[in-house]
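If you're wondering where the values come from, they're calculated on a predicted model, not measured in any experiment. Counting starts at 1 for both ligands and their atoms, following the listed order. The first residue of the sequence shown is numbered 1, and numbering continues consecutively from there.
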Amino acid sequence: MRGTDTAGRYGSYGGRFVAETLIAALDELEQAFDSCMADEQFRSQLQRELAEYVGRPTPLYPAERLSEELGGAQLCLKREDLNHTGAHKINNTVGQALLAQHMGKHRLIAETGAGQHGVATATVAARAGLECCVYMGEEDMRRQAVNVRRMKLLGAELRTVRSGTRTLKDALNEALRDWVGSSADSLYVIGSAAGPHPYPALVRELQSVIGREAREQCLARYGRLPDALVACVGGGSNAIGLFHPFLDDETVRMYGVEAGGAGLESGRHAASLCAGRPGVLHGTYSYLLQDDEGQVLPTHSISAGLDYPAVGPEHAWLKDSGRVEYTAVDDSAALAACLRLTRTEGILPALESSHALAYAFQLATQLGRDALIVVNLSGRGDKDIEEILRLTDSLESAP
Ligand SMILES: *Cc1c(COP(=O)(O)O)cnc(C)c1O
């Protein structure tokens, strides 16, 4: 085990805490990434994929009726839900698939919890003619049966993980183990701005298209920058993608919203920045939910995509430096925000994104009518319909 010295560090966070056998593969990836990003031809190829396949740029939508109803700031939604496959995750997988092709790899490895990243990887693998192998916990496969079928339809091979809690963190370990033995012909596609260096930087670069577009769209439509940005934080990729291009704009405040689950005091949540401590998990040093002995704690959230016990290392640093404020929104507030957006704007958001919305609603009433808030609508809620109906039915039938 070792950490890098300066490369891949965000303050004291980040680095590379992996078995010696993975260092060469990570070095190879880092070099390929650097040279591809400096290559005009690669960049225009990526640009074309994002435009023609993913459907970018996504709109910046002024939610006027909702803003009027809230009586505060103007809310604008960055519509990542309109991307192909319904979320921001494909911005990352499209780029990593292209990188794999440039590196001469013919196979993609991915891990998935809710199945969203697995679907996004299987999708680009089909598009690029690459093999795809997805590791998924047995428990998650049961809960996310539709996504399992979708990945199979796309031609991916699914490997059931039966170790540990049979969920995302166990699938991550298995995917890394696969890569140790297969890096000569395979690329491990990580789904968030987490993991060992260079993944946090690589995923941030690929997701920063969100913030670059939002910045331009804001300037074009309003002639100024927004006052605040709000995004939900699981591993942290949609949030860092929105925030990063604005980090030097001192007037722009930023809020990362974690899954508060049943409430922070209940212990049943996934708020690693709000309620965790620094430690090492999945190859990086960052905040994580752990007990006094350093054992990783089980997590809970209404949204499967936020249900991860750690967070990308750059967010740990942005928290400590105070540049970004991190808060948590609980299950019931997220559900209420989801229903409210659906009924006032005709947009059904993912339960993950609904956490950002719930916080933005509060913020809108605190800031004046002249303020402008951009909320990252990371994904659409079609995948959550069953869960939303189950929860609202149980609310209605409650005494
Ligand atoms: C996966 C997912 C998230 C959480 O992942 P980040 O890396 O934190 O962005 C948020 N929203 C949606 C719709 C997702 O699918």
Side-chain angles (χ1 to χ4, degrees), residues 58 77-93 96 110-121 123 136 140 144 146-147 150 168 171-172 189-195 199-200 202-204 206-211 229-244 255-259 270-273 282 284 286-287 299 301-316 318 324 326 328-329 334 337-338 341 347-359 375-385 387-388:
T58 58
L77 309 178
K78 183 59 176 158
R79 298 289 309 274
E80 293 303 298
D81 60 313
L82 295 178
N83 286 327
H84 179 43
T85 68
H88 68 290
K89 288 204 168 69
I90 194 140
N91 300 329
N92 172 42
T93 57
Q96 291 203 46
E111 85 295 329
T112 197
Q116 298 299 105
H117 174 59
V119 167
T121 307
T123 298
M136 193 167 181
D140 287 335
Q144 309 289 338
V146 174
N147 276 338
R150 204 161 152 199
L168 177 62
L172 248 150
V189 181
I190 285 190
S192 192
Y199 285 104
L202 194 170
V203 176
R204 176 192 73 203
L206 294 170
Q207 291 292 2
S208 288
V209 67
I210 301 172
L229 308 174
V230 184
C232 65
V233 177
S237 69
N238 86 88
I240 202 70
L242 176 65
F243 297 166
H244 197 260
Y255 301 89
V257 186
E258 297 194 298
S272 9
L273 288 163
H282 300 137
T284 193
S286 185
Y287 277 76
T299 52
S301 169
I302 190 178
S303 60
L306 299 183
D307 215 342
Y308 178 58
V311 64
E314 192 164 6
H315 287 291
L318 290 169
V324 179
Y326 294 88
V329 155
C338 173
L341 186 73
I347 297 170
L348 173 61
L351 285 172
E352 291 83 0
S353 324
S354 300
H355 289 73
L357 285 167
Y359 186 73
V375 186
N376 206 9
L377 206 72
S378 56
R380 63 177 177 233
D382 303 46
K383 67 182 178 59
D384 297 320
I385 288 176
E387 182 71 356
I388 293 166

Asker: Taking only heavy atoms of Cys232, which atoms of ligand 1 are found under 4.0 Å from at least one of them?
Answerer: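 Heavy-atom distances to Cys232 below 4.0 Å select 10 (C).
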Asker: Check ligand 1 against Gly234 and write out every atom of the ligand that is under 4.0 Å from a heavy-atom position of the residue.
Answerer: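 Listed by number with element: 8 (O).
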Asker: If we set the cut-off at 4.0 Å for heavy atoms, which region of Lys89 has an atom near ligand 1: side chain, backbone, both, or neither?
Answerer: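 For Lys89, the contact with ligand 1 is made by the side chain alone.
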Asker: Check ligand 1 against Gly379 and write out every atom of the ligand that is under 4.0 Å from a heavy-atom position of the residue.
Answerer: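 The atoms of ligand 1 under 4.0 Å from a heavy atom of Gly379 are 13 (C).
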Asker: Suppose I only count heavy atoms of Gln116 and a 4.0 Å limit; which atoms of ligand 1 are within that range?
Answerer: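 The list of qualifying atoms is 15 (O).
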Asker: Gly235 versus ligand 1: do any nitrogen or oxygen atoms come within less than 3.5 Å of each other?
Answerer: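 N/O-N/O distance below 3.5 Å exists for this pair.
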Asker: Measure the CD-CG distance between Glu352 and Leu377 for me, rounded to the nearest 0.5 Å.
Answerer: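 That separation rounds to 11.0 Å.
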Asker: I'd like to check whether His88 has a polar contact with ligand 1, where a contact means an N/O of the residue lying under 3.5 Å from an N/O of the ligand.
Answerer: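 His88 vs ligand 1: N/O contact under 3.5 Å present.
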Asker: Identify the two heavy atoms, one from Leu172 and one from Glu111, that lie closest to each other, and give their separation to 0.1 Å.
Answerer: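 Heavy atoms of Leu172 and Glu111 come nearest at CG-CG, 3.6 Å.
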Asker: Just checking, is any N or O donor in the side chain of Asn147 or Gln116 under 3.5 Å from an acceptor N or O on the other one?
Answerer: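 Indeed, the side chains of Asn147 and Gln116 share at least one donor-acceptor pair under 3.5 Å.
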Asker: For the residue pair Asp307 / Ser301, report whether a side-chain donor-acceptor contact shorter than 3.5 Å exists.
Answerer: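 Ser301 vs Asp307: no donor-acceptor pair found between side chains.
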Asker: Between Tyr255 and Tyr359, how do the two ring planes meet: parallel, tilted or perpendicular, split at 30° and 60°?
Answerer: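 Answer is tilted, since the angle falls between 30° and 60°.
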Asker: For atom 4 (C) of ligand 1, which protein heavy atom lies nearest, and how many Å away is it?
Answerer: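 Scanning the protein heavy atoms, the shortest distance from atom 4 (C) of ligand 1 goes to Gly305 O, 3.4 Å.
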Asker: May I ask you to list the atoms of ligand 1 that are less than 4.0 angstrom from any heavy atom of Ser192?
Answerer: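 Ligand 1 atoms under the 4.0 Å threshold to Ser192: 6 (P), 7 (O).
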Asker: Show me which atoms of ligand 1 lie under 4.0 Å from any heavy atom of Ser378.
Answerer: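 Ligand 1 atoms under the 4.0 Å threshold to Ser378: 10 (C), 11 (N), 12 (C), 13 (C).
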Asker: If I take atom OG from residue Ser353 and atom CD from residue Glu80, how far apart are they, to the nearest 0.5 angstrom?
Answerer: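 The CD atom of Glu80 is 9.5 Å from OG of Ser353, to the nearest 0.5 Å.
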Asker: Using a 4.0 Å cut-off to any heavy atom of Gly236, which atoms of ligand 1 qualify?
Answerer: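 In order of numbering, the contacting atoms are 6 (P), 7 (O), 8 (O).
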Asker: Glu258 side chain to Tyr326 main-chain N or O, any donor-acceptor pair under 3.5 Å?
Answerer: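 Side chain of Glu258 to backbone of Tyr326: no pair is present.
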Asker: Below 4.0 angstrom from a heavy atom of Ser237, which ligand 1 atoms are there? Numbered from 1 as shown, please.
Answerer: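 Within the 4.0 Å cut-off of Ser237, ligand 1 contributes 6 (P), 7 (O), 8 (O), 9 (O).
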Asker: Calculate, to the nearest 0.5 Å, the distance between atoms CG and NE2 belonging to Leu82 and His88 respectively.
Answerer: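 It comes to 14.5 Å.
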